[in-house]
**Q** 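This is the structure I have questions about; it appears just below.
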Amino acid sequence: MITEAEKTRLQVGYKQAVRALGEDRVLKVFLADDCERKISAPIEELASQKDVQVFYIPTMKELGAMCGIEVGASCAVVLRG
């Protein structure tokens, strides 16, 4: 789901995602289905406000692997080019 080209513009983690969404720099959002609601709710709300599509990944472990890291990730964003 995350292309090699997108990996160069990828930011992983809640704080980075919120900051980038707030600055209108996000092309796509990836959110783990098993992350805590206190993390997913604000990300979903910001993405909705900014009209950015959210892609859901079943687990944090899977999302982390997709991002090329060895730990789980609650969310990640692809920045605009």
Side-chain angles (χ1 to χ4, degrees):
M1 243 187 176
I2 301 174
T3 66
E4 289 303 314
E6 289 174 338
K7 285 185 180 181
T8 63
R9 296 178 281 132
L10 191 67
Q11 289 195 340
V12 181
Y14 178 77
K15 289 180 185 178
Q16 292 85 344
V18 169
R19 184 179 314 116
L21 280 163
E23 296 171 355
D24 289 323
R25 297 186 301 134
V26 176
L27 185 63
K28 293 181 184 177
V29 174
F30 294 92
L31 195 56
D33 279 331
D34 65 345
C35 75
E36 293 182 33
R37 190 76 187 132
K38 68 181 180 182
I39 290 174
S40 63
I43 296 291
E44 289 170 328
E45 179 65 27
L46 277 169
S48 175
Q49 289 173 6
K50 304 294 183 176
D51 200 27
V52 175
Q53 188 172 6
V54 178
F55 296 87
Y56 294 91
I57 308 303
T59 67
M60 291 173 57
K61 184 174 181 165
E62 285 179 63
L63 181 54
M66 287 175 61
C67 295
I69 60 175
E70 294 184 19
V71 295
S74 59
C75 58
V77 294
V78 176
L79 301 178
R80 296 183 188 280

**Q** Compare all side-chain heavy atoms of Tyr14 with those of Pro42 and state whether any distance is below 4.5 angstrom.
**A** yes
**Q** Do Val18 and Leu46 have side-chain heavy atoms sitting under 4.5 Å apart?
**A** yes
**Q** To the nearest 0.5 Å, what is the distance between NZ (Lys15) and SG (Cys75)?
**A** 12.0 Å
**Q** Taking atom CD as the centre, does Gln49 end up with more than 12 heavy-atom neighbours from other residues, nucleotides or ligands that are less than 6.0 angstrom away?
**A** yes
**Q** Run the side-chain donor-acceptor check on residues 56-69: report pairs under 3.5 Å with partners two or more places apart or on a different chain.
**A**
| unit_1 | atom_1 | unit_2 | atom_2 | d |
| --- | --- | --- | --- | --- |
| Tyr56 | OH | Glu44 | OE2 | 2.7 |
| Thr59 | OG1 | Glu62 | N | 3.0 |
| Thr59 | OG1 | Glu62 | OE2 | 3.3 |

**Q** Please round to the nearest 0.5 Å and tell me the distance separating atom CZ of Arg80 and atom CZ of Arg9.
**A** 10.5 Å
**Q** So, do Lys7 and Ile2 sit near enough that their side-chain heavy atoms are less than 4.5 Å apart?
**A** yes
**Q** About how many Å separate CD1 of Ile43 and OG of Ser74, when rounded to the nearest 0.5 Å?
**A** 7.5 Å
**Q** Identify whether Val71 and Leu10 are in the same connected component of the hydrophobic contact network (ILVMFWY, side-chain heavy atoms under 4.5 Å).
**A** yes
**Q** Specify the closest pair of heavy atoms between Ala47 and Leu21, including all atoms of both residues, with the distance to one decimal.
**A** CA-CD2, 4.2 Å
**Q** Please output the side-chain donor-acceptor pairs of residues 24-31 that fall under 3.5 Å, not counting sequence neighbours, one pair per line with the distance.
**A**
| unit_1 | atom_1 | unit_2 | atom_2 | d |
| --- | --- | --- | --- | --- |
| Asp24 | OD1 | Lys50 | NZ | 3.1 |
| Arg25 | NE | Glu23 | OE1 | 2.7 |
| Arg25 | NH2 | Glu23 | OE1 | 3.3 |
| Lys28 | NZ | Glu6 | OE2 | 2.6 |

**Q** Treating Ile, Leu, Val, Met, Phe, Trp and Tyr as nodes and any side-chain heavy-atom pair under 4.5 angstrom as an edge, say whether Met1 and Val12 lie in one connected cluster.
**A** yes
